[in-house]
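The residues of the chain are indexed from 1 along the displayed sequence.
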Amino acid sequence: MANTRTKSRTAATTPRSERAQQQAVVRELLRRHGTTYAEDAGITLRDTPQPLYRLLVLSLLLSARIRADIAVAAARALSRAGMRDPRRMADAGWQQRVDALGEGGYRRYDERTATQLGRGAELLLDRWGGDLRRMRRSGDVAAALREVPGIGPLGVSIFLREAQAVWPEYRPWLDQKALQGAERLGLPASAEELAGLVREDELAPLAAGLVRVALGKDVAEDVWDAARG
């Protein structure tokens with residue numbers, strides 16, 4: 001598995017008061033900033049073809065050097081325009097994809113991304129029948145995802161951070177960006193230890209919250225203030 005894991009103290013050797021403080025911080029993080037990016041984009045994630053494809057599109061958009069809220073808005077715009085599965089994405093004209101991206105404010109990379117979305121949809125249809133569950137069964141999802149135009153290592157990591165909600169074999173997927181957020185909050189710098197602070201079904205929201213902390217000091221301050229309060 002490609003997620004980042006580092007050695008640190010186990011939960012059994014962490015002083016009780018420190019662990020209680022960590023749990024308080026995590027609870028506030030989940031309560032205040034634990035919405036997944038898929039949820040932000042209006043995706044009800046299930047292990048079915050359409051939501052998994054929409055998550056892949058969102059991951060591509062988020063992996064560009066652009067604000068997360070713009071990427072989320074662009075994903076919503078593509079969905080509103082009907083491009084919710086590889087066939088409809090492939091059948092949509094390049095200009096239609098550009099227009100939808102522009103509607104979401106995704107203008108800096110709109111033309112290149114419109115091309116990548118079209119080519120990626122064709123690849124998914126040709127190789128995987130438009131169903132990412134077939135890719136999952138291939139045995140090396142990360143390598144297969146990297147073949148999709150516009151999906152590099154960062155896009156793979158974003159996808160699996162969220163997909164762990166429905167693909168449990170990838171838990172805990174807490175990548176370097178999530179671990180940066182954990183460090184900022186004074187939480188363990190280990191995927192396993194962080195996973196020990198939450199239920200399994202909270203891992204994807206935890207990862208999303210930690211990424212938000214890594215991207216904004218104000219988020220960390222908000223969590224700390226609430227945990228202390």
Please identify each residue that fulfils salt bridge (Lys or Arg N to Asp or Glu O under 4.0 Å) with Asp201, with sequence neighbours left out.
-> Arg199
Are Tyr37 and Ser59 side-chain neighbours, meaning at least one heavy-atom pair lies under 4.5 Å?
-> no
Could you tell me whether a side-chain N or O of Gln164 sits under 3.5 Å from a main-chain N or O of Arg161, the two making a donor and an acceptor?
-> yes
Test side-chain contact (heavy atoms from CB on, under 4.5 Å) applied to His33 and Val213, step by step = CA-CA 9 Å; His33 304 285; Val213 170; 6.0 Å; no
Is there a donor-acceptor pair closer than 3.5 Å between any side-chain N or O of Arg46 and the backbone N or O of Pro51?
-> no
How many angstroms lie between CG in Leu55 and CD in Gln50, if you round to the nearest 0.5 Å?
-> 12.5 Å
Apply salt bridge (charged side-chain N to carboxylate O under 4.0 Å, His left out) to Arg171 and Glu202, showing your working.
-> CA-CA 10 Å; Arg171 300 172 185 161; Glu202 294 175 321; over 6 Å; no
Please lay out, stage by stage, how Asp85 and Arg87 fare under the test salt bridge (charged side-chain N to carboxylate O under 4.0 Å, His left out).
-> CA-CA 6 Å; Asp85 59 59; Arg87 172 51 59 200; over 6 Å; no
Straight-line distance of Asp140 CG to Met135 CE, nearest 0.5 Å = 10.5 Å
When every non-hydrogen atom of Val98 is compared with those of Ala114, the smallest separation belongs to CG2-CB, 3.5 Å
Going hydrophobic residue to hydrophobic residue with side-chain gaps under 4.5 angstrom, can you get from Val57 over to Leu125?
-> no
From Arg119 CZ over to Met89 CE, what is the distance, rounded to the nearest 0.5 angstrom?
-> 15.0 Å
Inspect the surroundings of CZ in Arg88 and state if more than 12 heavy atoms from other residues, nucleotides or ligands are less than 6.0 Å away.
-> no
How are the rings of Tyr109 and Tyr106 set to each other: parallel, tilted or perpendicular (split at 30° and 60°)?
-> tilted
Leu179/Leu210 under side-chain contact (heavy atoms from CB on, under 4.5 Å): CA gap, chis, key distance, verdict | CA-CA 7 Å; Leu179 294 181; Leu210 290 173; over 6 Å; no
Side-chain contact, heavy-atom cut-off 4.5 Å: Ile158 with Lys177?
-> no
Considering non-hydrogen atoms only, spot the tightest contact between Glu111 and Trp94 and give its length.
-> O-NE1, 3.3 Å
Assert yes or no for the condition that the ring centre distance of Phe159 to Trp167 is strictly below 6.0 Å.
-> yes
Minimum heavy-atom separation for Gly196 to Arg19, with atom names?
-> O-NH2, 3.0 Å
Between atom CG of Leu187 and atom CG of Leu206, what is the distance when rounded to the nearest 0.5 Å?
-> 8.0 Å
Between Val25 and Leu197, is any pair of side-chain heavy atoms under 4.5 Å apart?
-> no
Considering all heavy atoms of both residues, which atom of Arg65 and which atom of Arg108 are nearest to each other, and what is their separation?
-> O-NH1, 3.8 Å
Looking at side-chain heavy atoms only, is the closest gap between Leu78 and Leu61 below 4.5 Å?
-> yes
Gap separating the CG atom of Leu123 from the CD atom of Gln116, nearest 0.5 angstrom = 12.5 Å
Could you tell me whether Arg67 atom CZ has more than 12 heavy atoms of other residues or ligands within 6.0 Å of it?
-> no
Using a 4.5 Å cut-off on heavy atoms from C-beta on, say whether the side chain of Leu45 contacts that of Thr36.
-> no
Does Trp128 share a hydrophobic cluster with Leu145, counting links as ILVMFWY side-chain heavy atoms below 4.5 Å and allowing steps through other members?
-> yes
Arg80, CZ atom: more than 12 neighbouring heavy atoms under 6.0 Å = yes
Can you name the closest pair of heavy atoms from Ala77 and Ala100 and give their distance?
-> CB-O, 3.2 Å
Of all heavy-atom pairs between Ala38 and Glu162, which one has the smallest distance, and what is that distance?
-> N-OE1, 2.9 Å
Is there a side-chain contact between Leu60 and Leu56 (heavy atoms, below 4.5 Å)?
-> no
Which residue pairs pass the salt bridge (Lys or Arg N to Asp or Glu O under 4.0 Å) test when at least one of the two sits in residues 30-41, sequence neighbours left out?
-> Glu28-Arg31, Arg32-Asp222, Asp40-Arg212
Are Arg136 and Asp47 side-chain neighbours, meaning at least one heavy-atom pair lies under 4.5 Å?
-> yes
Enter the distance from Lys217:NZ to Glu221:CD here, rounded to the nearest 0.5 Å.
-> 8.5 Å
Any side-chain heavy-atom pair from Leu160 and Asp175 closer than 4.5 angstrom?
-> no
